[in-house]
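Scroll down for the structure; my scribbles are underneath it.
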Amino acid sequence: AWASYMTNSPTLIVMIGLPARGKTYMSKKLTRYLNWIGVPTKVFNLGVYRREAVKSYKSYDFFRHDNKEAMEIRKRCALVALEDVKSYLLEESGQIAVFDATNTTRERRDLILNFAKENAFKVFFVESVCDDPEVIAANILEVKVSSPDYPERHRENVMEDFLKRIECYKVTYQPLDPDDYDKDLSFIKVINVGQRFLVNRVQDYIQSKIVYYLMNIHVQPRTIYLCRHGESEYNLLGRIGGDSGLSPRGKQFSQALKKFIEEQEIVDLKVWTSQLKRTIQTAECLGVLYEQWKILNEIDAGVCEEMTYAEIEAKYPEEFAMRDQEKYLYRYPGGESYQDLVQRLEPVIMELERQGNVLVISHQAVMRCLLAYFLDKSADELPYLRCPLHTIFKLTPVAYGCKVETITTDVEAVNTHREKPSLNSHTLPSRQSPVRMRRNSFTPRASADTVKRPRHHSLGSKPLHLLGPLPSLD
Amino acid sequence: VCMTNCPTLIVMVGLPARGKTYISKKLTRYLNWIGVPTKEFNVGQYRRDLVKKYKSFEFFLPDNEEGLKIRKQCALAALNDVRQYLSEENGHVAVFDATNTTRERRETIYKFGEENGYKTFFVESVCVDPEVIAANIVQVKLGSPDYVDCSNDEATEDFMKRIECYKNSYETLDETLDKDLSYIKIMDVGRSYLVNRVMDHIQSRIVYYLMNIHVTPRSIYLCRHGESELNLKGRIGGDPGLSVRGKEFAKSLSQFINEQNIKDLKVWTSQMKRTIQTAEALGVPYEQWKVLNEIDAGVCEEMTYEEIQENYPLEFALRDQDKYRYRYPKGESYEDLVQRLEPVIMELERQENVLVICHQAVMRCLLAYFLDKPAEQLPYLKCPLHTVLKLTPVAYGKCSYIYLLYKSGYTHQER
């Protein structure tokens, strides 16, 4: 993975902050982002370890700093969690571990720093500081009331107990001190839910990406709508890629989309399309301003552009088989892989994070990549996510994740989804699959057949008017 | 992406010799390269134009009435030009480069921004390390027009006193008093940053850029792959391997790199055969970047220019009219290329010594960034085969460059 190239030693991200400051929210979101861009990352939430050790939570008394027995248990949990971190980073090919706990004392952070030093991990702290009582109350209602610690879920009792829990931590809280004690540490301090940031000693590429990401996310409520272009002429013919226009049913879908958007009564909706005809035509029907992104163009199928799957299987049987074996990594000769697509879509994700309400009209492979990001789907699942034509996905951030609603319009369309075929069992371990072997070999990523088939027609220039036959390329 | 709706006014803040002009010029260069029309306005320059001859630091004494009057006049003249640039000349971003060390001055500028519908973003540089300041003075102040008749010692002494003039009235951006402003405070040349209320996409990009640049001395080496089989036939694009001469170049390159004895050199290539084969000869680890692939010539891939002219005369003519924006049918334009190369530029800023083995159009784009060449000139920059360009940052974020290792092989087409 390209991003994973950039990291050498494993990194331990250490969250810091009083309870209900959004540490777990940031941990999970950051982990989802890093995994999506190809950097194996895992969250280690200390609360989970504590709940394992102490089966039944009784009250905030457990968290009092003078509760010696509880302090012992909590320390032991931290050590167990760190052992799991070590195992993940050193033995399980993890690259980044996110240690999600309050880590509010220097003593605890020194313990973690020593642990990291012993194991040659880089450490990056993410501290969340917030003194706005409304934000904290909202957090408690959103995620704590439904926590396993409070099975009876009585809101007022939960609120009362949790606020007392926070008080227990406040007594011993030592925030990061950039001017003196902690001036040599690498960290970002997120203040009041992203209003302000203090960034200290960013060491490398991945830390700089983490900082950029954390500075672009926000918690304002909003909705993201994802859909494909309306059915295209090529969809009807079963041909992949190309740059065809909408079929009559595709045009119907655009009308249905327009109606749906109007009914949703969305405030300040931004509309994004690719630079291919079919998404642009779909957006045109909406009668609103829209932005064209070249990087939202469909995956480039290289030599297979504009062929049907039957034609591909007949003409390139080996390629066809390889693609089914490792659909995420497989790169069409002269074209792209899903992995390449994720890399090119990263700026779209970053901008989606910054924005409010957005409708993205894209393509099957592109939409699978975006959906995988929002719904935290792995690279194995991504190429097989169902993104049918004429269906709108409505994504709303909720608690620690995303709620997804699918809205089917009643406009029919062809089915363009191919399931993963059941394959004969291999004798080769996956690390040595033909797709991976090809990738790692010296021979270039483009195929030997470098004849370019007609590719995306860009709307930047007028369609080709051939004045003579194309010369042969001997 | 539409970066800016209303224009943005970037306001530098900081004592003299804190790198404000360095940051202004570099930021302006970057924004222009990514296609955001940006211009810097250096108030010191306005002062030099008005007060023909600089006498001494006394001009800057806080109780020098006449000095204060002239300085305020210059600031207002500069702001007037800012307004003209942003409101009448289609500029998107103006960088107001001055000390702006008092809250009062910043208030004035902020109001000016509000009146004209600009978003204001402050960039403050704070540095107390005397070594850094001394180095800055040596690098850029001793050669300033203000000190053309002075010895180095005299100039340094005067400049230090000039800084003192500002110190007493310096009001740094404050977390409480300035909590509603949008700003980034850069501390100790990038050791740490305080970022407050980033408002929009362009401010977020500016912050990301400022957090990735550094001032550690280093060099960037740019070259193309060795001569390829298609180069020999005069054909563009494709994915051919190296010709015999190309392989010789790869060997010379390897020798050259070894002789240079560069510390911790990183080597980057594209994912096309010809750059990979060139790098292989070096015998060191290298990273392949897909975004470094040559410009996609679409339907014209692997044709000669004569064939293109014969078969697509209209396209051929269109390309010559606006080579930067012209997009090959089913291919890319230079403008597309710049967009896809932006992560390379960002990573080059983060890195230290790097050798980038790429392609003609790609190299032109990278070179245009480093040498601050506008879009009209970019597609005509000379990037011959078998030539290595060594870029070294000098004063004010500019780059000096030298050609090394020139041999035969030339695919540059004149306008």
Side-chain angles (χ1 to χ4, degrees), chain A residues 2 5-6 178 183 187 189 191 194-202 204-205 208 211-212 215-216 243 272 291 293-295 334 336 340 343-344 346-347 350-351 354-355 442-448 450-452 454-471 473, chain B residues 1-2 175 179 187 190-198 200-201 204 207-208 211-212 235 237-240 271-274 276-277 280 287-291 293 296-299 301-303 307 310-315 318 325-333 336 339-340 342-343 347 350:
Chain A
W2 111 94
Y5 249 121
M6 306 283 195
K183 66 181 187 342
F187 65 82
K189 212 188 254 251
I191 299 152
Q195 197 183 90
R196 197 159 75 240
F197 303 89
L198 181 65
V199 179
N200 201 58
R201 293 197 190 272
V202 169
D204 60 17
Y205 174 81
S208 125
V211 163
Y212 186 43
M215 287 176 53
N216 281 317
D243 192 18
W272 297 353
E291 263 172 56
W293 292 64
K294 189 165 196 260
I295 51 183
E336 293 177 302
D340 294 329
Q343 181 174 359
R344 98 158 131 87
E346 204 254 351
M350 199 63 91
E351 192 51 26
R354 289 194 51 78
Q355 291 285 346
F442 159 70
T443 41
R445 311 307 168 95
S447 75
T450 53
V451 172
K452 288 285 172 102
R455 275 155 97 249
H456 303 136
H457 166 71
S458 78
L459 276 101
S461 53
K462 292 202 264 301
L464 199 48
H465 187 63
L466 281 177
L467 296 176
L470 281 174
L473 293 155
Chain B
V1 180
C2 173
E175 275 179 38
K179 67 180 179 10
M187 286 161 289
R191 176 186 57 81
S192 64
Y193 307 87
L194 185 63
V195 180
N196 198 60
R197 290 195 189 268
V198 169
D200 60 15
H201 181 98
S204 140
V207 163
Y208 186 43
M211 287 175 53
N212 280 316
R235 294 185 176 284
D239 192 19
Q271 282 182 0
M272 297 180 131
K273 246 192 256 186
R274 50 204 191 275
I276 293 174
Q277 283 177 355
E280 279 286 317
E287 268 173 52
Q288 298 177 16
W289 290 65
K290 187 160 197 266
V291 293
N293 281 6
D296 182 359
V299 296
E301 278 280 317
E302 299 191 49
M303 298 176 88
E307 283 166 358
E310 202 185 300
N311 291 292
Y312 307 110
L314 183 59
E315 296 294 326
L318 281 174
R325 266 165 218 94
Y326 170 82
R327 191 184 278 157
Y328 282 107
K330 305 177 198 242
E332 293 176 300
S333 61
D336 294 328
Q339 184 172 11
R340 86 161 140 90
E342 201 261 352
E347 191 53 24
R350 289 193 50 78

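- When B/N293, B/L194, B/V207, B/V198 are compared by the number of non-hydrogen pairs under 4.5 Å with chain A, B/L194 comes out ahead.
- With respect to chain A, the highest number of heavy-atom pairs below 4.5 Å among B/E175, B/R325, B/K179 belongs to B/E175.
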Quiz prompt | Criterion side-chain contact (heavy atoms from CB on, under 4.5 Å) on A/E336 and B/K290, from CA distance to verdict | solution = CA-CA 10 Å; A/E336 293 177 302; B/K290 187 160 197 266; 3.7 Å; yes
Quiz item: Passes side-chain contact (heavy atoms from CB on, under 4.5 Å), B/M187 versus A/V199? Steps please.
Solution: CA-CA 10 Å; B/M187 286 161 289; A/V199 179; over 6 Å; no
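- The nearest pair of heavy atoms linking A/R354 to B/S204 is NH1-CB, 3.4 Å.
- Distance check, rounded to the nearest 0.5 Å: CZ of B/R340 to NZ of A/K294 gives 8.0 Å.
- Side-chain atoms of A/R196 never come within 3.5 Å of backbone atoms of B/R197 as a donor-acceptor pair (strictly under, hydrogens ignored).
- Contacts between A/P347 and chain B at a heavy-atom distance below 4.5 Å are absent for every atom of the residue.
- The OG atom of B/S192 sits 15.0 Å away from the CZ atom of A/F197 when rounded to the nearest 0.5 Å.
- Listed by chain and residue number, A/V202, B/Y208, B/N212, B/R350 satisfy the side chain to side chain contact (heavy atoms under 4.5 Å, CB included) test with A/S208 (two or more places apart in sequence, or in another chain).
- In terms of heavy-atom pairs under 4.5 angstrom with chain A, the leader among B/M211, B/E332, B/E342 is B/M211.
- Residue B/D336 touches chain A through its side chain alone, counting heavy-atom pairs closer than 4.5 Å.
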